[in-house]
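Numbered from 1 within each chain, the chains take letters A, B, ... in sequence-line order.
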2 protein chains.
Amino acid sequence: MSESQGKSASLRVGVVLFPGFQALDVFGPVDCINVLSWSHNVTLALISSTLEPVSTKPPALAIATGQSVVPTHTFTTAPCLDLLLVPGGLGTRGSSPAIEEAISYIRDIYPELKYLVTVCTGAGLAARAGVLEGKRATTNKMAWAATTGLAVNVEWVPHARWVVDGNVWSSSGVSAGIDVTLAWIEEVYGSEVARKISNSTEYTRHEDPSHDPFAELHGL
Amino acid sequence: MSESQGKSASLRVGVVLFPGFQALDVFGPVDCINVLSWSHNVTLALISSTLEPVSTKPPALAIATGQSVVPTHTFTTAPCLDLLLVPGGLGTRGSSPAIEEAISYIRDIYPELKYLVTVCTGAGLAARAGVLEGKRATTNKMAWAATTGLAVNVEWVPHARWVVDGNVWSSSGVSAGIDVTLAWIEEVYGSEVARKISNSTEYTRHEDPSHDPFAELHGL
């Protein structure tokens, strides 16, 4: 899609929500999409098991604070999408019904997507859905062993802010979601659109996907 | 509060929500507080006019995408707070009932607070509430003229990622909210706690409050 096409064609973005998603994994990328929507035709669906508000509070962490976000669709009523964003968070661990439903949804919708973007341990959900098979991908560096252990047929890249393989854009932990989203916006809408968004949000981008001080920090 | 005290004493954080708040203004800082709560005793209230979900969609921008967040309290039922965080966003403009109620709430609660943190054009709401009178403060650099024009008795600092004056911590636009929050966490809980949060969210902090490439970019 060229920059001029981008101004007219509608881009359909969806975000998977589940209990214990990490707030910044979602709202870093989503804030970029929101600002993009001020000048470009974009729709954004928040998709979960039910329409009940979904909390960022990790189910297994009683003392944690959490905020509740209202889904716009369920996994069964979700619209057609161009891009699906899969966040991570402590809630990705384990096999609750909500997580199993999210994994099934990712598996089912992936063949229809133009782009899949994973943030942090969201790559673990994509891996469990089988959609990273044979692909290069990265994930959160602090949760590296637990996440990469979920799928052996993935070429996990330990030193990367984000990795692109085909239509899968996977990023490192939490705030790296902002960088992969801006890189994706640059690819689809052009560098000027991405630059305007990072300048208006006063965000100093990591523009080099191999820039990753956190890999060494976490012993990778 | 020393670091050892921080582990036992409960810290009460509140965040003002209004239609058209900027998502990252809230969830950048709030994600830091969420991670802090995994190891420290923290409560977090989302406070608005009513308990109805509040959308990030700017009321005057029909084409924009938006996400709805569920408040935990209204301005009349809000709990006692140690810290109030005031986000910005396109929704701060104008004089809707929701904005006027937010401004009244900021004015009323300020004398009880230990800390006030503003992000982006949230400084404009604090200025309109009169609580920045005689203080040094900063705000979003792209919306500089409109925001600083709201209060003449404020010493607006054009070249700053964030400014601390007394108990008021004001930050520049959007993503600067993460830096001011981590700086505040460092002040209250110690540098090791702040470093653990930025490392676990893989966020490269701006640790120098005078570091501000966006001031020059926006002609200040």
- Task: Can you tell which part of B:D25 gets under 4.5 Å to a heavy atom of chain A, answering side chain, backbone, both or neither?
- Result: neither
- Work out which heavy atom in A:Y203 is nearest to a heavy atom in B:Y203; give both atom names and the distance. CE1-CE1, 4.4 Å
- Query: Relative to chain A, which of B:V42, B:V13, B:T204 shows the most heavy atom pairs under 4.5 Å?
  - Reply: B:T204
- Message: For B:L36, which atoms come within 4.5 Å of any heavy atom of chain A: side chain, backbone, both, or neither?
- Response: neither
- Query: In terms of heavy-atom proximity below 4.5 Å to chain A, should B:T43 be classed as side chain, backbone, both, or neither?
  - Reply: backbone
- Of the listed B:V15, B:I33, B:N199, the one with the largest count of heavy-atom pairs under 4.5 Å with chain A is B:N199
- Answer whether the closest heavy-atom distance between the side chains of A:W38 and B:L90 falls below 4.5 Å. yes
- Identify which of B:N34, B:V69, B:I178, B:D212 forms the greatest number of heavy-atom pairs closer than 4.5 Å to chain A. B:N34
- Which of the residues B:L44, B:V35, B:T72 is involved in the greatest number of heavy-atom pairs with chain A at under 4.5 angstrom? B:L44
- Note on the structure: Nearest heavy-atom approach of A:E202 to B:R161 is O-NH1, 2.9 Å
- chain A contact via B:V26 - which portion, at a heavy-atom distance below 4.5 Å: neither
- Against chain B, residues from residues 116-123 of chain A with at least one heavy atom under 4.5 Å, in numeric order, are none
- Donor-acceptor contact present, side-chain A:T201 to main-chain B:S175, <3.5 Å: no
- Message: Which residues in residues 55-67 of chain A have any heavy atom closer than 4.5 Å to a heavy atom of chain B?
- Response: A:T56, A:P58, A:L61, A:I63, A:A64, A:T65, A:G66, A:Q67
- Could you tell me which portion of B:L24 (side chain, backbone, both or neither) has an atom closer than 4.5 angstrom to a non-hydrogen atom of chain A? both
